[in-house]
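Here's the structure, in structure tokens; my notes come after.
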Amino acid sequence: MRTPIIAGNWKMYKTPQEAVEFVQALKEPLSTLTAAERVVCPAFVALPAVAEALQGTDIAVGAQDVHWEDEGAYTGQVAPGMLAGLVKYVIIGHSETRQYQGVTDEMVNWKIKAALRHGLRPIVAVGESLEINEAGQTREFVDRQIRAAFDGVPASDLERIVIAYEPIWAIGTGKSASGEQANTIIGAIRETLAELYGEAPAEAMRIQYGGSVKPENMAEFMSQPHIDGALVGGASLKVDSFVALVRIAIEAKGLR
Ligand code: PGA
């Protein structure tokens, strides 16, 4: 049984102070909802304060990106070693970094390897544009993204990686994929992983859906067999809805 994982991607929202207030409010309602793993991913500047506020809890902290080099002249970037010990997870390849920061499939691969080298757990985001979706090329596109991302990543590291399938046209648009559509593509991702690593490791990997996930549609996604959780933007910014997402995931997976 794969443990569901719900991660809140706060993007460029919440100051350090707001982030700390938020996680303080989250602690109590999440303390009984332990059957799913819960992760918050604040902006870099809020990471130390949020990590401190969550010490002694089992709510994990993640970063939203990381550089692939250990150090160097990369203005504005954060090295993996700087995050080690501070966060457990790091989102890599989010479509907004691919779109606005020119992150390529090759860089995603470098970032994954760098994160793993420093003991971080990557949440690897993949997903197609509306154009590719409408052309009926989603499967091929996502297959290529996965193969590029995992190039040279050894099987022994797989258990430390989570994948997030996020169709770009569903991110922040209020327009989500259907549970069935998302399950089909995530099933196809598992087939690609099985080709690369074998059936058992592919079956064991956790794959989230992301893109306009909210309490109203969470059950639809979580009741799908291939979907192991969600990477959530907008609906993770409110305590009530974040808690509701976790509760619904646990219920839909029959874990309570
Ligand atoms: P959304 O964002 O939930 O606001 O659509 C998801 C994401 O970008 O990870």
Side-chain angles (χ1 to χ4, degrees), residues 4-14 18-19 22 26 36-44 46-47 50 60-66 87-103 108 111-112 115 121-130 132-133 138 141-142 145-146 149 161-179 181-183 185-186 189 206-222 224 227-249 252:
I5 174 166
I6 318 302
N9 171 16
W10 292 353
K11 310 192 178 185
M12 205 168 70
Y13 295 100
K14 295 193 193 293
E18 287 165 349
F22 186 93
L26 211 52
E37 201 175 350
R38 296 129 298 154
V39 188
V40 290
C41 304
F44 283 126
L47 290 175
V50 167
V61 183
Q64 296 175 15
D65 196 8
V66 67
V87 304
K88 183 170 179 182
Y89 289 97
V90 57
I91 301 169
I92 292 175
H94 191 281
S95 64
E96 285 150 16
T97 69
R98 295 181 191 255
Q99 185 178 353
Y100 302 122
Q101 289 154 39
V103 170
V108 168
K111 285 171 188 250
I112 293 171
R121 293 169 180 257
I123 297 176
V124 182
V126 297
E128 82 288 3
S129 64
L130 184 60
I132 290 167
N133 184 279
T138 299
F141 183 82
V142 173
Q145 281 186 318
I146 293 289
I161 304 176
V162 174
I163 295 173
Y165 167 59
E166 300 202 304
I168 299 170
W169 48 271
I171 295 177
T173 56
K175 197 174 140 190
S176 59
S178 73
Q181 278 174 321
N183 190 62
I185 299 303
I186 291 177
I189 291 174
R206 292 186 295 176
I207 311 181
Q208 303 170 308
Y209 168 76
S212 295
V213 171
K214 42 187 185 266
E216 295 75 27
N217 60 19
M218 185 66 168
E220 178 183 345
F221 293 111
M222 292 307 115
Q224 299 290 336
I227 306 183
D228 303 315
L231 180 58
V232 189
S236 75
L237 295 169
K238 294 249 156 56
V239 173
D240 288 354
S241 65
F242 192 88
V243 172
L245 293 171
V246 175
R247 186 180 329 103
I248 294 164

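In listed order, ligands and their atoms are each counted from 1. Model, not experiment: these values are computed from the prediction.
- The side-chain heavy atoms of S212 and T173, taken from C-beta on, include a pair separated by under 4.5 Å.
- Residue contacts with ligand 1, taken as heavy atom pairs separated by less than 4.0 Å, involve I171 via backbone and side-chain atoms alike.
- Residue contacts with ligand 1: T173 is placed with no nitrogen or oxygen under 3.5 Å of a nitrogen or oxygen of the ligand (distance criterion only).
- Compare E96, E166, K11 by their heavy atoms: the one nearest to atom 2 (O) of ligand 1 is in K11.
- The option from A125, A235, G172 that lies nearest to atom 5 (O) of ligand 1, judged by heavy atoms, is G172.
- For the pair A170 and ligand 1, a heavy-atom separation below 4.0 Å is found.
- Per-residue contacts place H94 under 4.0 angstrom from the following atoms of ligand 1 (heavy atoms of the residue considered): 7 (C), 8 (O), 9 (O).
- Taking the side chain as every heavy atom from C-beta outward, S178 and E220 approach each other to under 4.5 Å.
- In this structure, the side chains of Y209 and M222 stay at 4.5 Å or more apart for every pair of heavy atoms.
- In terms of N/O distances under 3.5 Å, ligand 1 is approached by G234.
- With rounding to the nearest 0.5 Å, the separation of CD1 in I92 from CD in Q64 is 13.0 Å.
- Atom-to-atom distance recorded for S241:OG and I248:CD1 is 9.5 Å, nearest 0.5 angstrom.
- Distance check, rounded to the nearest 0.5 Å: CD1 of I185 to OH of Y165 gives 5.0 Å.
- In this structure, the protein non-hydrogen atom closest to atom 3 (O) of ligand 1 is G233 N, 2.8 Å.
- When side chains are defined from C-beta on, Q145 counts as touching R98, because their heavy atoms get closer than 4.5 Å.
- Heavy atoms of K214 stay at 4.0 angstrom or farther from ligand 1.
- Atom numbering of ligand 1 starts at 1 in the shown order; those under 4.0 Å from a heavy atom of S212 are 1 (P), 3 (O), 5 (O).
- A salt bridge is absent between E37 and R121; no separation between the charged side-chain nitrogens and carboxylate oxygens falls under 4.0 Å.
- Residue G211 places a heavy atom under 4.0 Å from ligand 1.
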